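None of the values given here were measured: they were computed from a predicted structure.
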Amino acid sequence: MVDRLANSEANSKRIGFVEACFGTAGQPLAIPGRVLIGEGVLTKLCRKKPKARQFFLFNDILVYGNIVILKKKYNKQHIIPLESVTIDTVEDEGELRNGWLIKTPTKSFAVYAATATEKSEWMSHISKCVSDLLEKSGKSPTGEHAAVWVPDSEATVCMRCQKMKFTPVNRRHHCRKCGFVVCGPCSEKKFLLPSQSSKPVRVCEFCYKQLSTGATLPPNSEFSGNMSDDDDEDDSSD
């Protein structure tokens, strides 16, 4: 079906409409062989709170952006190559239901659908697109992914020293390796994580020691239901 739609006029119009919604701030999306599989609004768990985001699933990329005017205008376009994506379900917790993790080497985050059926359909379509891409390229699934960030609200004290209380003066920071919420003194070091940045990024003291010695770091799976990926230095960013 994807191959049949690839060069169809209907598909070209749909992709053109998505490009128009992002305007000149977005990257061009129309390339030979690209097909728009589906779209919808998902709740993305961001650093401060869950936020509605418009998602577009293509056969080779996942695109999302902030909703300015629904079905008419979006900004802050993000493009994720599906070849690098792995997904895992997230258990329901309180008001956060029907969620799953989208994990890549560059960034990882949780999203939530309105219904269990919608979640199932999104996960099924994403998995199919990823498997088709890997089959065509002969590549293996991505083994490493960026840590998902523990939301600010989950930590009133530093998750490493367990002593420093967070205040307007003592700011929260996130370790780019483990995703923990940590205080300034516990995250003074920086380390180069090539999959995330070309420059050294903030890491906690524990991860810095492990990275420096080449030891294997445990994942932050105990926080699988409460995660974020917003930039540490800009609370309003996505």
Side-chain angles (χ1 to χ4, degrees), residues 43-51 53 64-66 76-81 84-88 90-91 93-94 96 99-112 142-238:
T43 298
K44 179 175 175 288
L45 196 57
C46 298
R47 177 178 179 178
K48 292 296 183 182
K49 61 181 180 180
K51 299 176 183 178
R53 295 288 183 259
Y64 70 92
N66 295 9
K76 294 188 178 180
Q77 184 191 71
H78 298 260
I79 299 177
I80 302 174
S84 66
V85 168
T86 57
I87 58 175
D88 287 319
V90 172
E91 295 298 321
E93 183 176 342
L96 296 173
W100 69 97
L101 298 179
I102 296 174
K103 302 187 294 183
T104 80
T106 304
K107 66 190 302 183
S108 302
F109 53 91
V111 292
Y112 295 84
T142 302
E144 183 180 357
H145 59 80
V148 282
W149 286 16
V150 178
D152 286 2
S153 60
E154 294 296 308
T156 56
V157 299
C158 174
M159 296 176 69
R160 284 303 183 194
C161 69
Q162 300 290 322
K163 296 177 181 178
M164 181 74 77
K165 290 186 177 181
F166 296 121
T167 67
V169 176
N170 296 321
R171 292 184 57 232
R172 292 171 171 83
H173 301 281
H174 279 84
C175 171
R176 268 49 173 188
K177 185 60 182 178
C178 67
F180 280 17
V181 184
V182 291
C183 63
C186 284
S187 59
E188 293 178 338
K189 299 287 201 310
K190 291 188 175 183
F191 198 89
L192 181 63
L193 302 176
S195 63
Q196 295 189 36
S197 175
S198 59
K199 299 179 181 180
V201 293
R202 182 190 296 272
V203 293
C204 67
E205 189 69 29
F206 174 82
C207 288
Y208 181 81
K209 291 178 180 178
Q210 298 293 308
L211 289 164
S212 299
T213 59
T216 301
L217 290 163
N220 64 344
S221 56
E222 63 266 37
F223 297 97
S224 59
N226 301 285
M227 305 174 180
S228 171
D229 73 324
D230 285 3
D231 291 337
D232 194 24
E233 308 306 330
D234 185 356
D235 292 344
S236 64
S237 70
D238 190 61

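Here the shortest heavy-atom pairing between Cys178 and Arg160 reads SG-NH2, 3.5 Å. The shortest non-hydrogen separation linking Tyr112 to Ala110 is CE1-CB, 4.0 Å.
Here the OH-CD1 distance, from Tyr64 to Ile79, works out to 11.0 Å after rounding to the nearest 0.5 Å. Residue His173 holds its NE2 atom at 4.5 Å from CZ of Arg202, rounded to the nearest 0.5 Å. Taking SG of Cys183 as the reference point, atom CD of Gln162 lies at 10.5 Å (rounded to 0.5 Å). Atom NZ of Lys209 is separated from atom CG of Leu211 by 12.5 Å, given to the nearest 0.5 angstrom. If you take OG on Ser187 and NE2 on His174, they are separated by 10.5 Å, rounding to the nearest 0.5 Å. Summarising the geometry, atom CZ belonging to Phe206 is positioned 9.5 Å from atom SG belonging to Cys175; distances are rounded to the nearest 0.5 Å.
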### Task
Show your reasoning for whether side chain to side chain contact (heavy atoms under 4.5 Å, CB included) applies to His78 and Lys107.
CA-CA 11 Å; His78 298 260; Lys107 66 190 302 183; 3.7 Å; yes
### Task
Would you please test Lys177 and Glu144 for salt bridge (Lys or Arg N to Asp or Glu O under 4.0 Å) and show each step?
CA-CA 11 Å; Lys177 185 60 182 178; Glu144 183 180 357; 3.7 Å; yes
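Pro185 is listed as a side-chain neighbour of Met164, based on a closest heavy-atom distance under 4.5 Å. At a threshold of 4.5 Å between non-hydrogen side-chain atoms, the residues Leu45 and Val111 do not count as touching. Put simply, the side chain of Lys103 does not reach to within 4.5 Å of the side chain of Val85, judged on heavy atoms. Contact check for Thr156 versus Lys165: no side-chain heavy atoms found under the 4.5 Å cut-off. Between Leu101 and Ile87, the closest side-chain pair of non-hydrogen atoms is not below 4.5 Å. At a threshold of 4.5 Å between non-hydrogen side-chain atoms, the residues Lys44 and Lys51 do not count as touching. Contact check for Cys207 versus Lys189: no side-chain heavy atoms found under the 4.5 Å cut-off. Using a 4.5 Å cut-off on side-chain heavy atoms (C-beta onward), Phe191 and Ser212 make contact.
Among Val182, Asp152, Val181, the single residue meeting the side chain to side chain contact (heavy atoms under 4.5 Å, CB included) criterion with Phe166 is Val181.
Using a 4.0 Å cut-off between a side-chain N of Lys or Arg and a carboxylate O of Asp or Glu, Lys190 and Glu205 do not qualify as a salt bridge.
Side-chain atoms of Ser195 come within 3.5 Å of backbone atoms of Pro105 as a donor-acceptor pair (strictly under, hydrogens ignored). With hydrogens and angles disregarded, no donor-acceptor distance shorter than 3.5 Å links the side chain of Ser84 to the backbone of Thr104.
With sequence neighbours excluded, the residues forming a side-chain contact (heavy atoms from CB on, under 4.5 Å) with Ser197 are Lys199, Val201, listed by chain and number.
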